[in-house]
2 protein chains.
Amino acid sequence: MVTLAEVAQHAGVSASTVSYVLSGKRSISAGTRQRVEESIQVLGYHPNAGARALASSRSNIIALMIPLRTDMYVPVMMEIAIAVTTSARSHGYDVLLLTGEEGPDAVRRITGSGLADAMILMDVELDDERLPLLRDTEQPSVLIGLPADTSGLTCVDLDFGATGALCAEHLAMLGHRDIAVIGEAPAVYERHTGFAERTLDGLRSRSRELGLRVLHRPCEGGFDAMSLTLARVFDERPGTTGFVVQNESAVEPLLALLRRQGRAVPEDVSVIAICPDQVAVQASVRLTSVAIPAQEMGRNAVERLIAKLEGRGKDEVVLIAPELTVRASTGPAPATS
Amino acid sequence: MVTLAEVAQHAGVSASTVSYVLSGKRSISAGTRQRVEESIQVLGYHPNAGARALASSRSNIIALMIPLRTDMYVPVMMEIAIAVTTSARSHGYDVLLLTGEEGPDAVRRITGSGLADAMILMDVELDDERLPLLRDTEQPSVLIGLPADTSGLTCVDLDFGATGALCAEHLAMLGHRDIAVIGEAPAVYERHTGFAERTLDGLRSRSRELGLRVLHRPCEGGFDAMSLTLARVFDERPGTTGFVVQNESAVEPLLALLRRQGRAVPEDVSVIAICPDQVAVQASVRLTSVAIPAQEMGRNAVERLIAKLEGRGKDEVVLIAPELTVRASTGPAPATS
DNA sequence: CGACGGAGTCGAAGCGCTTCGACAACCTAT
DNA sequence: ATAGGTTGTCGAAGCGCTTCGACTCCGTCG
């Protein structure tokens, strides 16, 4: 293992000089810099992370808490995680992966041990028990998601309220009157995960203004659950012609079921999905959708976090404006029979 | 920030004693131990990770390199990542997330800096450029996946060769004669990712023994790609009655297309998927499948790694035996027309 | 022309922890 | 009673790095 001291000796300078070459915190003559950099190359030097963390009290690590559960749509999580990791790296940070499993203790452990300089939390509940800890600590943090009380916090999220409203508007504009929302699994609501409720609120209040009737049904993913849910929807509101699907693992089952029932999409029934674009274009019908901008959320969160770490950056709530892309799954409401 | 020294003072012992209480590396009297533990509680002490790493030259961190690409089925990756993280935590390790993006440099950076004590690599190519580095270093590592040359390496993977064979056997037993393999995206083969080729090899050689005719077609996920692929399959081999699908994002499109063409599953056509069980039961037909045991792979990899870190544990290749579960998507081949 | 300031470098003092050797106190076995 | 072992505790020496103050050159300005 090569140390700073060895590099210094090899380059004929003092250890501190090498350190300053590395950090750029003091000016170094061109000649010295070059000699040092050569020695680093030749010896294959890599600064020791522990020593660096100890001396500077910065680990250059960002902690990322991802949900453990499997009832949330996973690709989105994965995409965010990768976006976070990639952009963190481009700022010189590594990412430590934590699962929600440990809960608030994980927050204590990380802030206490100085393992990470900052953290990003995903899957935030409306009244998340980790929040008080975050407010108390010096350690910068960013939430991906929106709790009920955002005071003293920085949050990044898709504007799910607007997303719901957008769906309502699109369907209303096409002349639909009875619409059904296929929501996330019941557990997601019980846990009071903000995004699901906010979507619904946004959709409902805009629907009221537009004179749409809304039926909301939570739904576990999969074919069987969707089948039951769909039956009950048409049972209760036979005239339903518009669907908004939030649970992505219900999308394909829904399409298959509608097909099987002889209801054509989009001639008889329109479907809007809230999902990443990739999913929308890969489905068995090219789906009109509101995109979940996973990449952007991850990148944005990292950028806020870095800003905070560097002293710029304030507490703020960033709501990304939703965009609805019209594809082949929505069309004018059929003439009333 | 509370330090060891403060705990020591509060408990009326020396710093080294506190350290020994924490590590258990020397015997401590019951009384002292208790006083120290109380002080730790009262003061809310958390050992500083950097200092600990520096002094002990162990960071208690495992690095996990996941693929960046999006052409691989993501839920499996996510599941493995979560399994790795969870079991690492239960052994007292944290997980550092790296994307394949950095390539071999990431390996150098991690081993050089002592940021992690060991690493787990996913998405291993047959002739992966990271392997020489791993063989050269002292740092323990485990691959999830199987390269061409496993000498000096520890690998954990599903036995994809046997998986392919198993699929062939099942279809042969049901009387099918012409089968098609819907493979991963072409890029996966070009990259020489081991699992895809091994599945195919296993399937082909067993098919030869059993007298099955095999048509293999790589396929990007999604409806459009699958539609093209399927057309070409039936064009070339109109008598195809059995499908083995490796690319999970092709499963639903395939089912939808078959339905649309009026081919009933499993009466006219049988479909086997290679995918996590959850996917198989949630599909629009309950799929006969060979499970990808993501959890087990993750857990297993961590256990081997810990064993190596503790000095037990040798280089070995662990191939998990595949299990085929018969569900509703396979049945006897239709009588030849 | 002397005082001054900036650029470039060095030495030394830690950062908070682990770990080694030393030592005191006690408990056996002779 | 004494040698020998255990057991429990302490002090001190680092681990490899950052960073502060100090120092030496220079070039510059009044």
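Because the structure is a prediction, the values reported are computed rather than measured.
In this model, a donor atom of one side chain and an acceptor atom of the other lie less than 3.5 Å apart for A:Thr32 and A:Ser29.
Using a 4.0 Å cutoff to heavy atoms of chain A, the contacted part of DNA chain D runs 5' to 3' from D:dG16 to D:dA22.
Of all non-hydrogen atoms in A:Ala15 and A:Leu4, the two that sit nearest each other are O-CD1, 3.8 Å. The heavy-atom pair separating B:Val2 from B:Gly44 by the smallest distance is CG2-O, 4.1 Å. When all heavy atoms are compared, the tightest approach of A:Leu115 to B:Ala49 is CG-CB, 3.9 Å.
Heavy-atom distances under 4.0 Å link DNA chain D to A:Ser16, A:Ser19, A:Tyr20, A:Lys25, A:Arg26 of residues 12-26 of chain A, given in residue order.
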Does A:Ser87 form a side-chain hydrogen bond (donor to acceptor under 3.5 Å, both in side chains) with A:Ser90? I'd like the steps, not just the answer. CA-CA 5 Å; A:Ser87 36; A:Ser90 76; 5.7 Å; no

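A residue-by-residue look at B:Gly31 and B:Leu54 shows that B:Gly31 has its nearest nucleotide of DNA chain D further toward the 5' end. Residue whose closest nucleotide on DNA chain D sits further toward the 5' end, between A:Ser56 and B:Thr32: B:Thr32.
For the ring pair (Phe, Tyr, Trp, His ring centres under 6.0 Å) test, residues two or more places apart in sequence or in another chain that qualify with A:Phe160 are A:Phe195.
Counting non-hydrogen atoms under 4.0 angstrom, B:Leu4 reaches a base of the nucleic acid.
In this structure, A:Glu310 places its CD atom where more than 12 heavy-atom neighbours from other residues, nucleotides or ligands lie under 6.0 Å away. Atom CG of A:Asp127 sits in a sparse spot, with 12 or fewer heavy atoms from other residues, nucleotides or ligands closer than 6.0 Å.
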